[in-house]
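Below is one structure, written out as structure tokens; comments come after it.
Just so it is clear, the structure is predicted and the values come from calculations on it, not from any experiment.
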Amino acid sequence: MKAFNLTVFYLLVVLVSCTSVENLNTNTQIESFCKSESHGMRKLKETPIMNMDVTMIPSINEETGELNQVAFSWTLSPRNGGSSRDLLTHNVNSEQDWKARINEVNFYIGELVEIVTSEGEIEPLMTHTENTHGLSKEIAMQTVFPPHILSNNDDLTFVFHDEIFHTGTNKVVFKQEDIQHLLSKIETYEN
């Protein structure tokens with residue numbers, strides 16, 4: 001009986017420690033929280049040729065608690081992870097195709113992204129593509145939106161209108177409940 005009681009006690013301790021999340025006081029803590037798939041801030045989408053992995057990461061001014069921006073860290077990677085070719089070379093048959101692809105990914109991809117809410121479409125403030133050409137099979141981007149996208153108590157739909165790889169319109173939805181849960185954990189955030 002004593003062993004049973006100890007087992008139950010240890011299970012309760014593990015359960016409580018795994019489910020409780022402390023307040024988030026820094027941007028580093030916010031980013032770590034958001035990258036965990038269990039909090040609803042990271043979404044995965046598969047297309048016929050690629051995977052899209054999108055994480056919503058708000059950032060705050062750590063002194064005032066004001067929301068500065070909402071960044072979406074997202075990657076596109078070949079659907080079959082074992083492919084020897086990176087996504088940038090998909091359907092590239094010449095040097096001219098390669099130059100056009102690099103230009104599209106580095107300078108045009110931000111124009112293909114938006115956030116959709118019940119109030120309409122919101123264009124990004126900026127998009128940055130990480131220069132990992134030839135070093136990685138994936139394409140990594142950061143797209144930044146104004147902080148007011150979190151203030152309308154609505155689901156946020158991240159939309160990528162793929163005119164580069166021709167996979168169509170790709171969407172992932174961030175639920176309002178998950179967004180509010182995240183904002184409630186940010187100790188200095190005031191809605």
*asked:* Taking the side chain as everything from C-beta on, heavy atoms only, tell me whether Leu156 gets closer than 4.5 Å to Leu150.
replied: yes

*Does Lys45 reach the side chain of Val54, with side-chain heavy atoms less than 4.5 Å apart?*
no

*Can you get from Val92 to Ile49 by hopping between Ile, Leu, Val, Met, Phe, Trp and Tyr side chains that sit under 4.5 Å apart?*
yes

*asked:* Please say yes or no: joined through hydrophobic side-chain contacts below 4.5 Å, possibly via intermediate residues, are Val116 and Val172 part of one cluster?
replied: no

*Check the side chains of Asp154 and Ser118 for a donor-acceptor pair under 3.5 angstrom, ignoring hydrogens and angles.*
yes

*Got Ile179 and Met56 here, is their nearest side-chain heavy-atom distance under 4.5 Å?*
yes

Side chains of residues 29-36: which donor-acceptor partners sit under 3.5 Å, not counting sequence neighbours?
unit_1, atom_1, unit_2, atom_2, d
Gln29, OE1, Asn25, N, 2.5
Gln29, OE1, Thr26, N, 3.2
Glu31, OE2, Lys35, NZ, 2.8
Ser36, OG, Ser38, N, 3.4
Ser36, OG, Ser38, OG, 2.9

*If we ignore angles and hydrogens, is there a donor and acceptor under 3.5 Å between the side chains of Trp74 and Thr143?*
yes

_Given 3.5 Å as the limit, does a donor-acceptor pair link the side chain of Asn103 with the main chain of Lys99, or not?_
no

_Nearest atoms (heavy-atom pairs only) where Arg101 meets Leu87_ = NH1-O, 3.6 Å

*Out of curiosity, does Leu67 fall in the hydrophobic cluster containing Val144 (side-chain heavy atoms, cut-off under 4.5 Å, transitive links)?*
no

_Worked verdict on Gln69 versus Ser59 for side-chain contact (heavy atoms from CB on, under 4.5 Å)_ = CA-CA 6 Å; Gln69 64 187 22; Ser59 74; 3.2 Å; yes

*Please report the shortest heavy-atom distance between Lys43 and Val173, naming the atom on each side.*
CE-O, 3.0 Å

*Taking atom CZ of Phe160 and atom CZ of Phe165, what is their separation to the nearest 0.5 Å?*
6.5 Å

*Hey, is NZ on Lys171 packed in by over 12 heavy atoms from elsewhere, all under 6.0 Å?*
no

*Taking C-beta and beyond as the side chain, do Glu37 and Leu44 meet within less than 4.5 Å on heavy atoms?*
yes

*Full working for side-chain contact (heavy atoms from CB on, under 4.5 Å) between Thr157 and Thr117*: CA-CA 7 Å; Thr157 304; Thr117 69; over 6 Å; no

_Between Glu114 and His161, do the side chains contain a donor N or O and an acceptor N or O under 3.5 Å apart?_
yes

*asked:* I'd like to know whether Glu163 forms a side-chain contact (heavy atoms from CB on, under 4.5 Å) with Leu112, so could you lay out the CA-CA distance, the side-chain angles of the two residues, the decisive distance to 0.1 Å, and finally the verdict.
replied: CA-CA 8 Å; Glu163 297 175 8; Leu112 304 175; 3.7 Å; yes

*Answer whether the closest heavy-atom distance between the side chains of Glu46 and Arg79 falls below 4.5 Å.*
yes

*asked:* Looking at every non-hydrogen atom in both residues, tell me the closest pair between Gln176 and Asp155 and how far apart they are.
replied: N-OD1, 2.8 Å

_Atom of Asp97, atom of Asn91 and distance for their closest heavy-atom approach_ = OD2-O, 4.3 Å

*Measure the CG-CG distance between Leu76 and Asp53 for me, rounded to the nearest 0.5 Å.*
9.5 Å

*Shortest non-hydrogen contact from Thr127 to Gly110?*
OG1-CA, 3.4 Å

*Gln180 CD to Lys185 NZ distance, which is reported to the nearest 0.5 Å*: 13.0 Å

*Derivation of the side-chain contact (heavy atoms from CB on, under 4.5 Å) call for Ile115 and Val159*: CA-CA 6 Å; Ile115 291 293; Val159 182; over 6 Å; no

*asked:* Return the CD to OG1 distance between Gln142 and Thr75, rounded to the nearest 0.5 Å.
replied: 10.5 Å

_Distance check, rounded to the nearest 0.5 Å: His90 atom NE2 versus Ile164 atom CD1?_
12.0 Å

*asked:* Just so I know, are the side chains of Ile122 and Pro146 near enough to count as touching, which here means a heavy-atom distance under 4.5 Å?
replied: yes

*Path from Tyr108 to Trp98 over hydrophobic side-chain contacts below 4.5 Å*: yes

*Find the distance between CG (Asn68) and CD (Glu62) and round it off to the nearest 0.5 Å.*
9.0 Å

*asked:* Are Leu182 and Met41 packed together at the side-chain level, in the sense that at least one heavy-atom pair is separated by less than 4.5 angstrom?
replied: yes

*Step through it carefully: locate the ring centre of Phe158, locate the ring centre of Phe174, and say whether they are under 6.0 Å apart.*
no

*Any Thr167 side-chain heavy atom under 4.5 Å of Met50 side chain*: yes

